[in-house]
Amino acid sequence: MEESVQVGPWAAEAFVDYEKLLKVFGAKPLTDSEVRYLERIAGESHAMLRRRVFYSHRDLDVFLSKYETGYRCALYTGRGPSGSTHLGHILPWIFTRWLQEKLGLDLFFQMTDDEKFLHEEKLDLLESNSFAYENSLDLIALGFDYRKTHIIIDTEDIGYLYPIAVRIAKKLTYSTQRATFGFVDSTNVGLIFYPVLQMAVSFLPTELFGEETYVLIPAGIDQDPYWRIARDIAQGLGYPKPSQVHNKLLPGLGPEGKMSSSKPETAVYTTDPPDVGAQKIMRAFTGGQPTIELQKKLGGNPDRCSVYKMYEMLFEDSDAMLQERYWSCRTGSLICGDCKAELASRVRKFLKEFQEKREKARDQVDMYLIRSKFDKPSLRSRTVLR
Ligand code: TRP
(Lines give C-alpha, C1' and ligand atoms only; values in the text may rest on other atoms or scores of the structure.)
Protein backbone atom coordinates (compact mmCIF):
# COMPACT_ATOMS: atom_id res chain seq x y z
CA MET A 1 0.00 0.00 0.00
CA GLU A 2 1.24 3.47 -0.73
CA GLU A 3 2.30 5.67 2.12
CA SER A 4 -0.18 8.39 1.20
CA VAL A 5 -3.04 5.92 1.59
CA GLN A 6 -2.08 5.15 5.16
CA VAL A 7 -2.16 8.70 6.40
CA GLY A 8 -5.51 9.90 7.53
CA PRO A 9 -7.52 10.29 10.68
CA TRP A 10 -8.04 6.58 11.22
CA ALA A 11 -4.91 5.26 9.57
CA ALA A 12 -1.73 6.88 10.76
CA GLU A 13 0.88 4.19 11.03
CA ALA A 14 4.57 4.80 10.94
CA PHE A 15 5.35 7.77 8.86
CA VAL A 16 8.74 9.23 9.22
CA ASP A 17 9.11 10.92 5.86
CA TYR A 18 7.76 14.25 7.02
CA GLU A 19 8.88 16.05 3.87
CA LYS A 20 6.75 13.77 1.79
CA LEU A 21 3.84 14.21 4.16
CA LEU A 22 3.98 17.95 3.76
CA LYS A 23 3.60 17.48 0.05
CA VAL A 24 0.75 15.01 0.39
CA PHE A 25 -1.16 17.33 2.70
CA GLY A 26 -0.08 20.63 1.23
CA ALA A 27 0.73 22.20 4.60
CA LYS A 28 3.68 24.61 4.95
CA PRO A 29 6.92 23.83 6.75
CA LEU A 30 7.43 25.89 9.88
CA THR A 31 10.21 28.32 9.03
CA ASP A 32 12.60 30.23 11.26
CA SER A 33 10.59 33.36 10.73
CA GLU A 34 7.36 31.86 12.10
CA VAL A 35 9.22 30.30 15.00
CA ARG A 36 10.80 33.66 15.82
CA TYR A 37 7.44 35.41 15.49
CA LEU A 38 5.76 33.00 17.91
CA GLU A 39 8.68 33.09 20.35
CA ARG A 40 8.67 36.87 20.31
CA ILE A 41 4.98 37.00 21.18
CA ALA A 42 5.41 34.27 23.79
CA GLY A 43 8.42 36.03 25.26
CA GLU A 44 10.24 32.71 25.43
CA SER A 45 11.71 30.00 23.23
CA HIS A 46 10.45 26.41 23.26
CA ALA A 47 12.50 23.27 22.56
CA MET A 48 9.68 21.71 20.52
CA LEU A 49 9.81 24.71 18.18
CA ARG A 50 13.60 24.94 17.98
CA ARG A 51 13.82 21.22 17.23
CA ARG A 52 10.85 21.27 14.89
CA VAL A 53 8.92 18.72 16.87
CA PHE A 54 6.23 21.06 15.66
CA TYR A 55 7.28 21.29 12.05
CA SER A 56 4.47 22.43 9.81
CA HIS A 57 1.43 24.65 9.83
CA ARG A 58 -1.41 26.33 8.04
CA ASP A 59 -1.79 30.06 8.61
CA LEU A 60 0.09 30.16 11.90
CA ASP A 61 1.39 33.54 10.73
CA VAL A 62 -2.16 34.78 10.15
CA PHE A 63 -3.19 33.60 13.61
CA LEU A 64 -0.24 35.37 15.24
CA SER A 65 -0.87 38.62 13.45
CA LYS A 66 -4.55 38.54 14.45
CA TYR A 67 -3.44 37.87 18.01
CA GLU A 68 -1.04 40.78 17.92
CA THR A 69 -3.66 43.10 16.46
CA GLY A 70 -5.89 42.35 19.42
CA TYR A 71 -8.45 39.98 17.93
CA ARG A 72 -9.91 37.39 20.24
CA CYS A 73 -8.03 34.08 19.88
CA ALA A 74 -8.35 30.56 21.26
CA LEU A 75 -6.71 27.13 21.13
CA TYR A 76 -8.41 23.89 20.20
CA THR A 77 -7.23 20.30 20.42
CA GLY A 78 -8.65 16.95 21.41
CA ARG A 79 -8.37 13.26 22.01
CA GLY A 80 -10.18 10.13 20.95
CA PRO A 81 -10.59 8.36 24.30
CA SER A 82 -10.12 4.72 23.37
CA GLY A 83 -7.65 3.78 26.08
CA SER A 84 -5.04 5.01 28.50
CA THR A 85 -2.91 8.02 27.72
CA HIS A 86 0.72 7.50 26.73
CA LEU A 87 3.66 9.86 26.28
CA GLY A 88 2.93 10.27 22.58
CA HIS A 89 -0.47 11.73 23.45
CA ILE A 90 0.74 14.24 25.98
CA LEU A 91 3.55 15.56 23.76
CA PRO A 92 1.33 18.06 21.88
CA TRP A 93 -0.58 18.84 25.09
CA ILE A 94 2.64 19.96 26.77
CA PHE A 95 3.18 22.44 23.98
CA THR A 96 -0.46 23.49 24.04
CA ARG A 97 -0.21 24.23 27.74
CA TRP A 98 2.82 26.41 27.09
CA LEU A 99 0.86 28.30 24.43
CA GLN A 100 -2.04 28.74 26.81
CA GLU A 101 0.18 30.17 29.49
CA LYS A 102 2.35 32.39 27.31
CA LEU A 103 -0.42 33.76 25.13
CA GLY A 104 -3.14 33.74 27.80
CA LEU A 105 -5.54 31.75 25.64
CA ASP A 106 -8.65 29.71 26.28
CA LEU A 107 -8.32 26.08 25.22
CA PHE A 108 -11.25 24.02 23.98
CA PHE A 109 -10.51 20.33 24.35
CA GLN A 110 -12.72 17.79 22.65
CA MET A 111 -13.08 14.23 23.99
CA THR A 112 -14.55 12.23 21.14
CA ASP A 113 -16.09 9.30 22.97
CA ASP A 114 -18.58 9.03 20.10
CA GLU A 115 -15.86 8.79 17.44
CA LYS A 116 -13.99 6.03 19.22
CA PHE A 117 -17.17 4.09 19.97
CA LEU A 118 -18.12 4.27 16.29
CA HIS A 119 -14.67 3.38 15.08
CA GLU A 120 -13.45 0.64 17.40
CA GLU A 121 -15.46 -2.46 16.88
CA LYS A 122 -15.04 -3.78 20.41
CA LEU A 123 -15.32 -0.55 22.35
CA ASP A 124 -18.56 0.05 24.21
CA LEU A 125 -19.89 3.60 24.54
CA LEU A 126 -19.69 3.35 28.31
CA GLU A 127 -16.02 2.49 28.02
CA SER A 128 -15.07 5.29 25.68
CA ASN A 129 -17.03 7.70 27.86
CA SER A 130 -15.15 6.51 30.96
CA PHE A 131 -11.88 6.96 29.13
CA ALA A 132 -12.91 10.54 28.36
CA TYR A 133 -12.93 11.19 32.11
CA GLU A 134 -9.79 9.15 32.77
CA ASN A 135 -7.89 10.93 29.99
CA SER A 136 -9.04 14.29 31.37
CA LEU A 137 -6.95 13.56 34.47
CA ASP A 138 -3.85 13.53 32.28
CA LEU A 139 -4.74 16.85 30.80
CA ILE A 140 -5.33 18.39 34.20
CA ALA A 141 -2.12 16.90 35.61
CA LEU A 142 -0.18 18.82 32.98
CA GLY A 143 -1.19 22.03 34.69
CA PHE A 144 -3.76 23.60 32.38
CA ASP A 145 -5.58 26.57 33.88
CA TYR A 146 -9.14 25.51 34.74
CA ARG A 147 -10.46 29.03 34.15
CA LYS A 148 -9.27 28.84 30.57
CA THR A 149 -9.58 25.14 29.76
CA HIS A 150 -12.91 23.77 28.61
CA ILE A 151 -13.40 20.06 28.05
CA ILE A 152 -16.18 18.99 25.71
CA ILE A 153 -17.31 15.38 26.00
CA ASP A 154 -19.17 14.74 22.78
CA THR A 155 -21.92 12.43 24.01
CA GLU A 156 -22.72 14.72 26.93
CA ASP A 157 -22.07 18.17 25.52
CA ILE A 158 -23.54 17.69 22.07
CA GLY A 159 -25.81 20.70 22.59
CA TYR A 160 -22.79 23.00 22.32
CA LEU A 161 -21.92 21.56 18.95
CA TYR A 162 -25.13 20.53 17.30
CA PRO A 163 -26.39 23.87 15.97
CA ILE A 164 -22.98 24.50 14.40
CA ALA A 165 -22.72 20.91 13.21
CA VAL A 166 -25.95 20.95 11.22
CA ARG A 167 -24.92 24.15 9.51
CA ILE A 168 -21.63 22.53 8.53
CA ALA A 169 -23.35 19.31 7.50
CA LYS A 170 -25.62 21.09 5.07
CA LYS A 171 -22.59 22.44 3.21
CA LEU A 172 -20.91 19.09 2.88
CA THR A 173 -21.73 16.51 0.28
CA TYR A 174 -21.30 12.82 0.78
CA SER A 175 -18.89 12.67 -2.10
CA THR A 176 -16.55 15.19 -0.45
CA GLN A 177 -16.71 13.29 2.83
CA ARG A 178 -16.07 9.99 1.13
CA ALA A 179 -13.13 11.29 -0.86
CA THR A 180 -11.58 13.04 2.15
CA PHE A 181 -11.97 10.30 4.73
CA GLY A 182 -11.97 7.22 2.52
CA PHE A 183 -15.44 6.00 3.48
CA VAL A 184 -16.77 2.87 1.81
CA ASP A 185 -20.24 1.37 1.45
CA SER A 186 -19.89 -0.60 4.65
CA THR A 187 -18.85 2.41 6.77
CA ASN A 188 -21.41 3.01 9.50
CA VAL A 189 -23.34 6.27 9.13
CA GLY A 190 -22.18 7.51 12.52
CA LEU A 191 -18.64 7.79 11.22
CA ILE A 192 -19.88 9.59 8.15
CA PHE A 193 -21.47 12.32 10.27
CA TYR A 194 -18.77 12.41 12.94
CA PRO A 195 -16.25 14.68 11.13
CA VAL A 196 -18.78 17.50 11.25
CA LEU A 197 -18.60 17.42 15.06
CA GLN A 198 -14.85 17.64 15.08
CA MET A 199 -15.01 20.61 12.73
CA ALA A 200 -17.76 22.26 14.80
CA VAL A 201 -15.44 22.86 17.76
CA SER A 202 -13.21 25.03 15.60
CA PHE A 203 -16.14 27.45 15.23
CA LEU A 204 -17.49 27.17 18.77
CA PRO A 205 -15.30 29.88 20.34
CA THR A 206 -16.79 32.49 18.00
CA GLU A 207 -20.28 31.48 19.14
CA LEU A 208 -19.44 31.38 22.84
CA PHE A 209 -17.55 34.67 22.93
CA GLY A 210 -19.97 36.39 20.59
CA GLU A 211 -17.13 37.82 18.56
CA GLU A 212 -14.92 36.76 15.71
CA THR A 213 -12.40 34.39 17.34
CA TYR A 214 -9.28 33.06 15.63
CA VAL A 215 -8.52 29.48 16.52
CA LEU A 216 -5.18 27.66 16.48
CA ILE A 217 -5.23 23.87 16.48
CA PRO A 218 -2.06 22.07 17.64
CA ALA A 219 -2.42 18.46 16.44
CA GLY A 220 -0.82 15.63 14.52
CA ILE A 221 -0.93 16.07 10.77
CA ASP A 222 -3.16 13.00 10.48
CA GLN A 223 -6.02 15.23 11.67
CA ASP A 224 -5.45 17.68 8.85
CA PRO A 225 -8.34 16.50 6.60
CA TYR A 226 -10.88 17.87 9.10
CA TRP A 227 -9.38 21.32 9.06
CA ARG A 228 -8.97 21.37 5.33
CA ILE A 229 -12.72 21.08 5.00
CA ALA A 230 -13.39 23.39 7.94
CA ARG A 231 -11.24 26.03 6.29
CA ASP A 232 -13.06 25.65 2.98
CA ILE A 233 -16.47 26.28 4.49
CA ALA A 234 -15.60 28.65 7.36
CA GLN A 235 -16.16 31.93 5.64
CA GLY A 236 -19.44 30.89 4.06
CA LEU A 237 -20.72 30.24 7.57
CA GLY A 238 -19.36 33.48 8.99
CA TYR A 239 -16.37 32.11 10.90
CA PRO A 240 -12.63 32.76 10.61
CA LYS A 241 -10.62 29.91 9.11
CA PRO A 242 -8.91 27.84 11.82
CA SER A 243 -5.09 27.75 11.76
CA GLN A 244 -3.02 24.71 12.56
CA VAL A 245 0.37 23.73 13.81
CA HIS A 246 1.38 20.08 13.39
CA ASN A 247 3.61 17.95 15.58
CA LYS A 248 5.64 14.89 14.67
CA LEU A 249 4.49 11.71 16.33
CA LEU A 250 6.62 10.29 19.12
CA PRO A 251 8.16 7.01 17.92
CA GLY A 252 7.36 3.87 19.87
CA LEU A 253 10.11 2.02 21.71
CA GLY A 254 10.18 -0.74 19.09
CA PRO A 255 12.14 -0.76 15.83
CA GLU A 256 9.54 1.26 13.95
CA GLY A 257 6.21 3.01 14.13
CA LYS A 258 4.67 5.68 16.30
CA MET A 259 4.04 5.10 19.98
CA SER A 260 0.78 3.25 19.85
CA SER A 261 -1.65 1.49 22.15
CA SER A 262 -1.77 -1.38 19.70
CA LYS A 263 1.79 -2.20 20.81
CA PRO A 264 1.62 -1.67 24.59
CA GLU A 265 5.17 -2.87 25.26
CA THR A 266 6.50 -0.05 23.10
CA ALA A 267 4.41 2.67 24.77
CA VAL A 268 4.95 4.32 28.14
CA TYR A 269 1.57 5.07 29.69
CA THR A 270 1.09 7.87 32.18
CA THR A 271 -0.37 5.24 34.50
CA ASP A 272 2.50 2.77 34.19
CA PRO A 273 4.07 2.23 37.61
CA PRO A 274 7.35 4.21 37.47
CA ASP A 275 9.44 1.05 37.53
CA VAL A 276 7.48 -0.47 34.69
CA GLY A 277 7.98 2.68 32.62
CA ALA A 278 11.70 2.55 33.34
CA GLN A 279 11.81 -1.12 32.39
CA LYS A 280 10.18 -0.43 29.04
CA ILE A 281 12.92 2.09 28.33
CA MET A 282 15.61 -0.42 29.24
CA ARG A 283 14.12 -2.84 26.70
CA ALA A 284 13.76 -0.24 23.95
CA PHE A 285 15.10 -0.68 20.47
CA THR A 286 18.01 1.67 19.83
CA GLY A 287 20.10 2.83 16.92
CA GLY A 288 23.13 1.16 18.50
CA GLN A 289 25.42 -1.57 17.25
CA PRO A 290 24.90 -5.21 18.26
CA THR A 291 27.96 -5.25 20.55
CA ILE A 292 29.80 -2.75 22.72
CA GLU A 293 32.98 -3.31 20.69
CA LEU A 294 31.22 -2.43 17.45
CA GLN A 295 29.51 0.53 19.08
CA LYS A 296 32.88 1.90 20.14
CA LYS A 297 34.32 1.34 16.70
CA LEU A 298 31.43 2.44 14.48
CA GLY A 299 29.23 4.60 16.70
CA GLY A 300 25.45 4.48 16.93
CA ASN A 301 22.72 6.11 14.88
CA PRO A 302 20.71 8.56 17.01
CA ASP A 303 18.61 9.54 14.00
CA ARG A 304 17.01 6.11 14.01
CA CYS A 305 16.88 5.59 17.74
CA SER A 306 13.67 5.61 19.78
CA VAL A 307 15.65 6.41 22.94
CA TYR A 308 17.39 9.41 21.42
CA LYS A 309 14.04 10.64 20.07
CA MET A 310 12.62 10.52 23.60
CA TYR A 311 15.37 12.82 24.76
CA GLU A 312 14.95 15.08 21.79
CA MET A 313 11.17 15.33 21.87
CA LEU A 314 10.44 15.23 25.61
CA PHE A 315 13.18 14.58 28.11
CA GLU A 316 16.09 16.94 27.40
CA ASP A 317 15.52 20.68 27.59
CA SER A 318 19.11 21.72 27.09
CA ASP A 319 20.19 21.98 23.46
CA ALA A 320 23.83 21.73 24.47
CA MET A 321 23.29 18.49 26.37
CA LEU A 322 21.28 17.06 23.51
CA GLN A 323 24.03 17.90 21.03
CA GLU A 324 26.57 16.31 23.27
CA ARG A 325 24.49 13.14 23.52
CA TYR A 326 24.10 13.08 19.76
CA TRP A 327 27.80 13.25 19.05
CA SER A 328 28.89 10.93 21.84
CA CYS A 329 26.54 8.38 20.32
CA ARG A 330 27.74 8.96 16.76
CA THR A 331 31.37 8.69 17.75
CA GLY A 332 30.83 5.59 19.85
CA SER A 333 31.79 7.00 23.23
CA LEU A 334 28.23 6.64 24.53
CA ILE A 335 26.90 3.15 25.01
CA CYS A 336 23.20 2.30 24.69
CA GLY A 337 22.96 0.74 28.12
CA ASP A 338 24.11 3.95 29.80
CA CYS A 339 22.00 6.15 27.58
CA LYS A 340 18.91 4.07 28.35
CA ALA A 341 19.62 3.98 32.07
CA GLU A 342 19.74 7.77 32.19
CA LEU A 343 16.47 8.07 30.28
CA ALA A 344 14.87 5.36 32.43
CA SER A 345 15.64 7.36 35.54
CA ARG A 346 14.15 10.53 34.02
CA VAL A 347 11.06 8.62 32.97
CA ARG A 348 10.71 7.07 36.41
CA LYS A 349 10.91 10.48 38.06
CA PHE A 350 8.48 12.00 35.57
CA LEU A 351 5.92 9.23 36.10
CA LYS A 352 6.15 9.47 39.86
CA GLU A 353 5.56 13.20 39.92
CA PHE A 354 2.95 13.08 37.20
CA GLN A 355 0.94 10.41 38.95
CA GLU A 356 0.76 12.46 42.13
CA LYS A 357 -0.74 15.34 40.16
CA ARG A 358 -2.97 12.96 38.28
CA GLU A 359 -4.49 11.65 41.52
CA LYS A 360 -5.15 15.19 42.76
CA ALA A 361 -6.88 15.94 39.46
CA ARG A 362 -9.72 13.55 40.32
CA ASP A 363 -11.42 16.22 42.42
CA GLN A 364 -10.94 18.91 39.81
CA VAL A 365 -12.52 17.47 36.70
CA ASP A 366 -15.80 19.38 37.09
CA MET A 367 -13.99 22.71 36.99
CA TYR A 368 -12.67 21.89 33.54
CA LEU A 369 -15.92 20.79 31.92
CA ILE A 370 -17.37 23.24 29.43
CA ARG A 371 -20.84 22.73 30.88
CA SER A 372 -19.76 24.07 34.24
CA LYS A 373 -18.77 27.39 32.66
CA PHE A 374 -20.63 28.24 29.48
CA ASP A 375 -24.27 28.22 28.50
CA LYS A 376 -24.97 26.49 25.24
CA PRO A 377 -24.88 28.95 22.38
CA SER A 378 -28.47 29.71 21.57
CA LEU A 379 -29.71 29.74 18.03
CA ARG A 380 -31.41 33.08 18.52
CA SER A 381 -28.51 35.02 19.97
CA ARG A 382 -26.21 33.68 17.31
CA THR A 383 -23.66 36.19 16.16
CA VAL A 384 -23.31 35.77 12.46
CA LEU A 385 -20.20 37.57 11.31
CA ARG A 386 -20.25 38.25 7.64
N1 TRP B 1 -10.03 12.67 16.18
C2 TRP B 1 -9.05 12.84 17.21
C3 TRP B 1 -8.47 11.50 17.61
O4 TRP B 1 -8.84 10.48 17.14
C5 TRP B 1 -9.62 13.55 18.43
C6 TRP B 1 -9.83 15.02 18.22
C7 TRP B 1 -11.00 15.71 18.25
C8 TRP B 1 -8.80 15.99 17.97
N9 TRP B 1 -10.80 17.02 18.03
C10 TRP B 1 -9.48 17.24 17.85
C11 TRP B 1 -7.42 15.92 17.83
C12 TRP B 1 -8.76 18.40 17.60
C13 TRP B 1 -6.71 17.09 17.57
C14 TRP B 1 -7.39 18.32 17.46
O15 TRP B 1 -7.58 11.45 18.41
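Numbering of ligands and ligand atoms starts at 1, following listing order. For the numbers below, each heavy atom of this structure counts, side chains included, while hydrogens, waters and symmetry mates do not.
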**Message:** Tell me if the NZ atom of K373 is crowded by more than 12 foreign heavy atoms within 6.0 Å.
**Reply:** yes
**Message:** Taking distance alone, with N or O pairs closer than 3.5 Å, would you say T77 contacts ligand 1?
**Reply:** no
**Message:** Suppose I only count heavy atoms of K116 and a 4.0 Å limit; which atoms of ligand 1 are within that range?
**Reply:** 4 (O)
**Request:** Using the ring pair (Phe, Tyr, Trp, His ring centres under 6.0 Å) rule, pick out the option among F63, Y71, Y67, Y76 that qualifies with Y214.
**Result:** Y71
**Asked** Are side-chain N/O atoms of E207 and Y160 paired as donor and acceptor at under 3.5 Å?
**Response** no
**Neighbour count >12 (heavy atoms, 6.0 Å) for atom CE, M367** = yes
**Fill in**
Within 4.0 Å of some non-hydrogen atom of Q198, the atoms of ligand 1 are 1 (N), 2 (C), 6 (C), 7 (C), 8 (C), 9 (N), 10 (C)
**Asked** If you count the non-hydrogen atoms of other residues, nucleotides and ligands that lie under 6.0 Å from OH in Y162, is the total more than 12?
**Response** no
**Asked** Mind checking whether G80 has an N or O less than 3.5 Å away from an N or O of ligand 1?
**Response** yes
**Item:** R79 contact mode with ligand 1 (heavy-atom cut-off under 4.0 Å)
**Value:** backbone
**Request:** Output the list of atoms in ligand 1 that are nearer than 4.0 Å to some heavy atom of E115, sorted by atom number.
**Result:** 1 (N), 2 (C), 3 (C), 4 (O), 5 (C)
**Request:** Check each atom of ligand 1 against the heavy atoms of A219 and keep those under 4.0 Å away; list them by number with element.
**Result:** 13 (C), 14 (C)
**Asked** Just heavy atoms, cut-off under 4.0 Å: does W227 contact ligand 1 by side chain, backbone, both, or neither?
**Response** side chain
**Request:** Taking the side chain as every heavy atom from C-beta outward, state whether F117 and T112 have any pair of such atoms under 4.5 Å apart.
**Result:** no
**Request:** Describe, in one word, how the ring planes of F374 and F108 are oriented to each other, choosing from parallel (under 30°), tilted (30 to 60°) and perpendicular (over 60°).
**Result:** tilted
**Asked** Should the proximity of T112 to ligand 1, defined as any heavy atom under 4.0 Å, be assigned to the side chain, the backbone, both, or neither?
**Response** side chain
